Amino acid sequence: MDRITRRDMLAGATGAAVAGIAAPLAAAPSPESLDAIARTRGMRFGSAVNWSAPGADAGSFANPAYARLVEAECGLIVAENEMKWQRLRPTPTAFAFERFDAILGWAERHALAVRGHNLLWHQPKWFPQWLNDYDFGARPRVEAERLLTTHIQTVLGRYGTRIGSYDVVNEAVRPADGVLYDTALSRATGGPEPTLDLAFHTARTAAPHAQLVYNDYMSWEPGNAAHRAGVLRLLEGFRRRGTPVDALGIQSHLVTQGPDIGATVGRQQGEWRHFLDAVTQMGYALLVTELDVRDNGLPADIAMRDQGVADYTRAYLDLTLSYRSLRDVLCWGLCDRYSWIEGFEPRRDGARRRPTLYDDRFRPKPMRAAVAAAFAGASMR
Ligand code: 9MR
């Protein structure tokens, strides 16, 4: 069954041989897709997707092997990068929509719903350089508000009801101390809160149909307490000021803490429940927006590592999906081969990371079974 070599895959990716690239899915997709299982519980399953040149060996809709995997498993997708200011806004006056449009067009041809990520990643590090350097002129507040509202109105006006949910603001809270980041925009508009509020109000008016999400990576592992507290303060402030925010996007870039998964979960679950209780009591819905797992502290042995990752994912989802306002679970990519994790934080022992549901050769891993079981075990919504 398993006769696919890396050479075959790369050959398949070079263009002429693309038709033969069905090979990586030699381990046939499971009869029931994750999205189909999720739907039996009133939920949906999705993944991030990238843009690339046709046939490139990438986690892209234009790589037939990857596209087929996403089409087989998902009911919705999100562009991993193509809606960000860094991609969409080459200059203060220009929009570069072609790549996102291509992803959206493919998704619609395959009846996949699409989330928008994101309209404001509120950190200088993730602004285009021109925005960090921008001269806001004599009336900085007016100009900053114009830039932000024009951006949001243009994107939402272009896509209309084709996009049903947006990460309006992404990662505005500093993980170390829970304080909000300042940026060129917030300095000009008089602070981070008015900037974030303006983004949400503008989105609500421009796309009244859409679910508006604050998205961040505060997680349940040790070291996240200040981040969680900062996110709670931000969400409380939104409610106090009447800012139209519908849901918290929980990115869920999980990190195992060692081989004893049960003990890790036992230590972490109380604080996590406490956080999710506080968020939902404020009336926010929840989404899992970017699930993947860094296999820290697990042995290099692949079978043991994959099982640890699967058990950790299962425990996390069992707890998190017990909140019935949570309807969407999206992974940050479906195949280890293209995950961002290897480039971000390689394993100390040099073994390749295995952060997603499918391995480098497109074979399902125990983590896929864990996600399927978590959906199957979830209550109806
Ligand atoms: O996975 C994304 C990577 O390809 C990009 O280089 C990076 C910067 O745009 O963003 C990564 O995605 C991030 C997401 O947009 C927000 N949450 C954290 C994700 C991983 O860094």
Side-chain angles (χ1 to χ4, degrees), residues 46-53 56-63 66 70 76-90 96 99-100 102-103 114-132 151 155 163 165-176 180-181 183 196 199 212-221 223-224 227-228 230-231 234 247-255 286-296 316 328-346 353-358:
S47 173
V49 172
N50 259 299
W51 181 94
S52 73
D57 187 15
S60 157
F61 73 99
N63 169 359
Y66 191 74
V70 174
L76 80 161
I77 60 124
V78 59
E80 185 166 345
N81 290 307
E82 304 305 335
M83 193 180 263
K84 297 171 181 175
W85 283 62
Q86 281 188 330
R87 300 292 172 92
L88 222 48
R89 299 303 303 278
R99 291 180 175 193
F100 185 80
I103 294 178
V114 179
R115 300 199 65 242
H117 172 84
N118 54 62
L119 301 174
L120 179 62
W121 192 342
H122 199 242
Q123 295 180 33
K125 184 178 174 191
W126 302 114
F127 276 17
Q129 197 51 47
W130 66 257
L131 184 53
N132 282 320
H151 178 84
V155 175
I163 296 182
S165 173
Y166 284 96
D167 294 333
V168 177
V169 174
N170 189 50
E171 298 173 19
V173 174
R174 299 196 311 212
L180 297 176
Y181 289 98
T183 65
L196 310 187
L212 305 185
V213 177
Y214 173 72
N215 190 50
D216 210 332
Y217 61 87
M218 65 289 126
S219 195
W220 69 340
E221 287 92 11
N224 279 264
H227 199 176
R228 288 194 302 266
V231 168
L234 177 65
L248 174 67
I250 304 163
Q251 292 185 7
S252 311
H253 296 293
L254 307 181
V255 189
L286 305 173
L287 302 82
V288 169
T289 50
E290 306 184 12
L291 176 65
D292 55 23
V293 182
R294 255 172 280 164
D295 47 17
N296 289 5
Y316 175 78
D328 291 331
V329 175
L330 292 95
C331 289
W332 208 236
L334 279 189
C335 180
D336 291 344
R337 190 174 180 81
Y338 309 117
S339 169
W340 69 292
I341 297 278
E342 186 66 33
F344 174 72
E345 189 195 321
R353 289 285 193 185
R354 300 175 64 81
T356 76
L357 275 54
Y358 282 78

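Counting starts at 1 for both ligands and their atoms, following the listed order. Quick caveat: nothing in here was measured; it's all calculated off a predicted structure.
- For Tyr181, the ring pair (Phe, Tyr, Trp, His ring centres under 6.0 Å) criterion is met by no residue, not counting sequence neighbours.
- For ligand 1, the 4.0 Å heavy-atom shell takes in Glu80, Asn81, Lys84, His117, Trp121, Trp126, Asn170, Glu171, Gln251, His253, Glu290, Trp332, Trp340, ordered by chain and residue number.
- Aromatic ring centroids of His117 and Tyr166 lie 6.0 Å or more apart.
- With sequence neighbours left out, the side chain to side chain donor-acceptor pair (under 3.5 Å) criterion links Arg228 to no other residue.
- Using a cut-off of 4.0 Å between Lys/Arg side-chain N and Asp/Glu carboxylate O, Asp336 and Arg353 are scored as not salt-bridged.
- Judged as a side chain to side chain contact (heavy atoms under 4.5 Å, CB included), and not counting sequence neighbours, the contacts of Phe127 are Leu120, His122, Leu131, Asn132, Thr183, Leu185.
- If you look at Tyr66 and Tyr338, their ring centroids are closer than 6.0 Å.
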